[in-house]
**Student:** 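Got a structure here, written out as structure tokens. Questions coming.
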Amino acid sequence: MRHYSTAYPLSWRIFDAVEALAKRVWPARFAPWLPYLLLLPALLVTGLLVIGLIEIADSSLHVLDKATFRSSESYSLENFERALTASLFRNIGLRSFLGAILVTAVTLVLAFPYAYVLVRTESPILRKLLLIVLFLPFFIGQVVRAYGWLIILGNEGILNTSLSFLGIGPFRLLFNYWAVLFGLVQTMIPFAVLMLAPALTAIPKETERAAESLGANWIRTFQYVVIPLARPGMVGAAIVVFTLTLTDFAIPAVLGGGSNDFIANAIYDQFFRTSDAGLGSALTLLLIIAGSAAVGVALLLVGIGTLGLAGHDDD
Amino acid sequence: MGEAVTTSATRTDAVRNIAVSVRRVSMAYPAVLAVDDVSFELAKGSFLTILGPSGSGKTTLLQMIAGFQAPTSGEIVIAGQPVQSVPAYQRSIGMVFQRLALFPHLTVAENVAFPLRMRRFDARTIPGRVERYLDLVRLPGLGNRRIQQLSGGQQQRVAIARALVFEPDLLLLDEPLASLDRKLREEMQLEFRRIQRELSVTTINVTHDQREALIMSDEIIVMDRGRIQQMDRPQRTYRQPANRFVAGFIGLTAFLPVEVRSVREGVARLRIGGAELQGTVAGDDTLLPGGAAEAALRAEQVRVATTGAGLRNLDTVLEGRVEDVIFEGERIVYEVLVDGFNEHRVRAFDHDPALHAEYPIGAHVFVGWNVRDLLVFPA
Ligand SMILES: Nc1ncnc2c1ncn2[C@@H]1O[C@H](COP(=O)(O)OP(=O)(O)OP(=O)(O)O)[C@@H](O)[C@H]1O
Ligand SMILES: [Mg+2]
């Protein structure tokens, strides 16, 4: 026989008091507006960012006066012109976009089985292990992780040292595009898995078994049932990975070693190295516009409904 | 050697028109023996219901036949072929799941066409076939609907069409009707029966609803704790329960703990409290004089009357007091405490409440039944 305490726990009594207080300051007839009130803090925080954006938009319209090293008073589109025509920025932009697309594709392919096993495994030990491995990188932080790759992949690193025992190498594994993409994929997998797992959880095991009993082997079950049903999660994961990759700073900086900058690195240079805030702002705005446009086009192609954000009336 | 045995058994199956045989199949989970040494055979075209309480191993048994789980031991033979090494997607089995498991991203017609596409039927024949099966389940012209736009009963029909459209050797139903409201459930029970007869497809249905089992089946297997308690035609399962469990699981049965005085030619003289009774020994159980036993009495075999004269044609007539009255609409259930029975109550139906006055609680009544209806099981 279990013993149940008859007293209400402290947390219940605290919430009761809060409820009573709320009833006084916010009478029931205002209830329809309550959701909007609760929305306010998030709106304010996001709103502050908008103020920053307006500031950036303003500064992007002023060219740096090389003589005085201060922004000129007059408005012009010169910064945008430079950002769009200079071959340096064009290369960086192309590199970032191509990288984001490649990283998104590879990450989704790698994250999908991970998320699937995580959701479907019957072994609680395996599930715990997969979750720990998934969250570990978050505790380590991006810069330390990138530095870890230096230790492993460097010319004198663990990998090249091991290979030298076999009489091959050393290979130049770092400071090239592939190293950057590799590091980015590794960073993005946990995000993708976290976006995919709920979508896969929502597919009942019974649905997969139904496909199987109807004659689909596991490949066809994936192709015709699991993947189509997981689409909302895949679109969400793709958008998150794409935008995070496109705007990433640390991985290109450390693993690219300055030779494979992404847009964020170029922006950083303008703000903090050359002190050309105008040009930096223009690059920032272009990044935001291009990134949003890419996501917008992707959503138009697959349909916004796919994200599964709308409420469902039935079941 | 094992193989030679299998082959000869297989040949006999084909000759004897057996669609499925399950041979000494067990499924052991770490904590429970979910299915315990189950064997049965099912003739082609017949409708079998596996009936049992929650946790009795019905789903586990069905999953093994479907190929989603491998038995710990034993053998399953479908259409003459042992299926151990045949994966689920290659077995010719249609299955309707408890939660239907329709594909929400496909239309009704695409759902029904799914097994045909997966099994690479000739693409030109698919639309006609889908149409035919939608007609069969009485959903003509709804092919372009989305699954979410259908009612519960309509979704049920799509699931049936999808499971049958590829003409499987065997249809498995895992309590697909359990979630429906009573009226729709009864309608779908008759619908399943009609379709099953029309196609004469061998069917195994799983349920814990005794009424459903009695209505739909050619044969009933009653299961408890992983074991088959009885396999019989519905009438026999109902009238001649093989053991106490079956007697209690089907119908409204009162159990009376009795002491056996003597047994002669299948009739036992019994004692309960201060009263003497006679009952029929159930099946081929042996009862020892002086031993304890249990007597089972179905409510519909018991008559109630205000005078003993009204029950003159019954073997056993006793006096008692009405303890409880349960009004169920088409019938009334009386719980009667028989004088001398201690606290053990007998239940009786009055099937014609319109004709009779209702006896109030506390009323003095006579109850009567025949010796053949009081079944005695070893305790
Ligand atoms: N995957 C599993 N692992 C361990 N035990 C299981 C598993 N599946 C079922 N069992 C156990 O096996 C027994 C039989 O379960 P099963 O699902 O076959 O019962 P059932 O007759 O279908 O019951 P219900 O009517 O509730 O569906 C139960 O005791 C259950 O707890
Ligand atoms: Mg079950």
Side-chain angles (χ1 to χ4, degrees), chain A residues 112 116-117 119-127 196 198-238 299 301-315, chain B residues 29-30 59 62-63 65-69 86-106 110-121 146-152 155 158-159 161-176 179:
Chain A
F112 199 90
Y116 185 82
V117 175
V119 165
R120 283 283 189 254
T121 180
E122 276 174 24
S123 150
I125 297 171
L126 180 60
R127 179 173 300 116
L196 287 172
L200 290 173
T201 312
I203 304 172
K205 179 82 199 141
E206 223 176 45
T207 305
E208 279 175 51
R209 289 197 159 162
E212 217 179 310
S213 80
L214 294 170
N217 58 21
W218 74 266
I219 298 174
R220 288 187 190 166
T221 302
F222 260 74
Q223 186 181 355
Y224 298 112
V225 176
V226 180
I227 291 176
L229 285 176
R231 223 164 81 127
M234 303 211 346
V235 172
L299 277 183
L301 286 180
V302 297
I304 292 188
T306 356
L307 261 186
L309 290 177
H312 288 287
D313 289 338
D314 48 359
D315 89 327
Chain B
Y29 289 118
T59 296
L62 219 55
Q63 304 266 345
I65 296 172
F68 299 132
Q69 271 172 333
V86 183
Y89 68 91
Q90 281 175 348
R91 296 188 187 186
S92 179
I93 294 178
M95 185 152 178
V96 181
F97 291 81
Q98 180 152 5
R99 282 176 297 162
L100 300 186
L102 294 170
F103 303 130
H105 61 296
L106 302 178
E110 286 166 344
N111 265 276
V112 178
F114 188 89
L116 303 176
R117 295 220 169 104
M118 292 303 115
R119 288 163 192 267
R120 299 290 188 261
F121 276 58
R146 301 213 68 87
I147 297 300
Q148 299 86 336
Q149 296 168 330
L150 300 181
S151 72
Q155 293 187 4
V158 177
R162 190 182 67 171
L164 288 173
V165 69
F166 58 101
E167 293 174 5
D169 291 337
L170 181 61
L171 176 66
L172 303 180
L173 312 170
D174 188 2
E175 303 202 48
S179 60

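Letters A, B, ... mirror the listed sequences (proteins, then strands); counts begin at 1. Not measured: the values here are computed from a predicted model. All heavy atoms count here, side chains included; hydrogens, waters and symmetry mates do not.
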**Student:** Where the side chain of A:E206 meets the backbone of B:R99, is there a donor-acceptor pair that is under 3.5 Å apart?
**Tutor:** yes

**Student:** Identify the two heavy atoms, one from B:R162 and one from A:A210, that lie closest to each other, and give their separation to 0.1 Å.
**Tutor:** NH2-CB, 3.6 Å

**Student:** What part of B:L116 gets within 4.5 angstrom of chain A, counting heavy atoms only: side chain, backbone, both, or neither?
**Tutor:** neither

**Student:** Within a 6.0 Å radius of atom CD1 on A:I125, are there more than 12 heavy atoms belonging to other residues, nucleotides or ligands?
**Tutor:** no

**Student:** With a 4.5 angstrom heavy-atom cut-off, is it the side chain or the backbone of A:R220 that approaches chain B, or both, or neither?
**Tutor:** side chain

**Student:** Identify which part of B:A88 has an atom lying under 4.5 Å from any heavy atom of chain A, answering side chain, backbone, both or neither.
**Tutor:** both

**Student:** Find the one option among A:P204, A:P228, A:A216 whose heavy-atom pairs under 4.5 Å with chain B are most numerous.
**Tutor:** A:A216

**Student:** Of the backbone (N, CA, C, O) and the side chain (C-beta and beyond), which part of B:R120 lies under 4.5 Å from a heavy atom of chain A, both, or neither?
**Tutor:** side chain

**Student:** Side chains of B:Y89 and A:T221, heavy atoms from C-beta outward: is any pair under 4.5 Å?
**Tutor:** no

**Student:** With a 4.5 angstrom heavy-atom cut-off, could you sort out which part of B:Q63 is near chain A: side chain, backbone, both or neither?
**Tutor:** side chain

**Student:** If I compare all heavy atoms of B:M118 with all of A:L214, which pair ends up nearest, and what's the gap?
**Tutor:** CB-O, 4.0 Å

**Student:** For B:F166, is it the side chain, the backbone, both, or neither that has a heavy atom closer than 4.5 Å to a heavy atom of chain A?
**Tutor:** side chain

**Student:** Show, in sequence, the C-alpha distance, side-chain angles and deciding distance for B:R117 and A:Y224, and conclude whether the side chain to side chain contact (heavy atoms under 4.5 Å, CB included) test is met.
**Tutor:** CA-CA 11 Å; B:R117 295 220 169 104; A:Y224 298 112; over 6 Å; no

**Student:** Over all heavy atoms of both residues, which pair between B:L102 and A:T207 is shortest? Give the atoms and the distance, please.
**Tutor:** O-CG2, 4.4 Å

**Student:** Quick one: pull up CD in A:E212 and CE in B:M95 and give me the separation to the nearest 0.5 Å.
**Tutor:** 11.0 Å

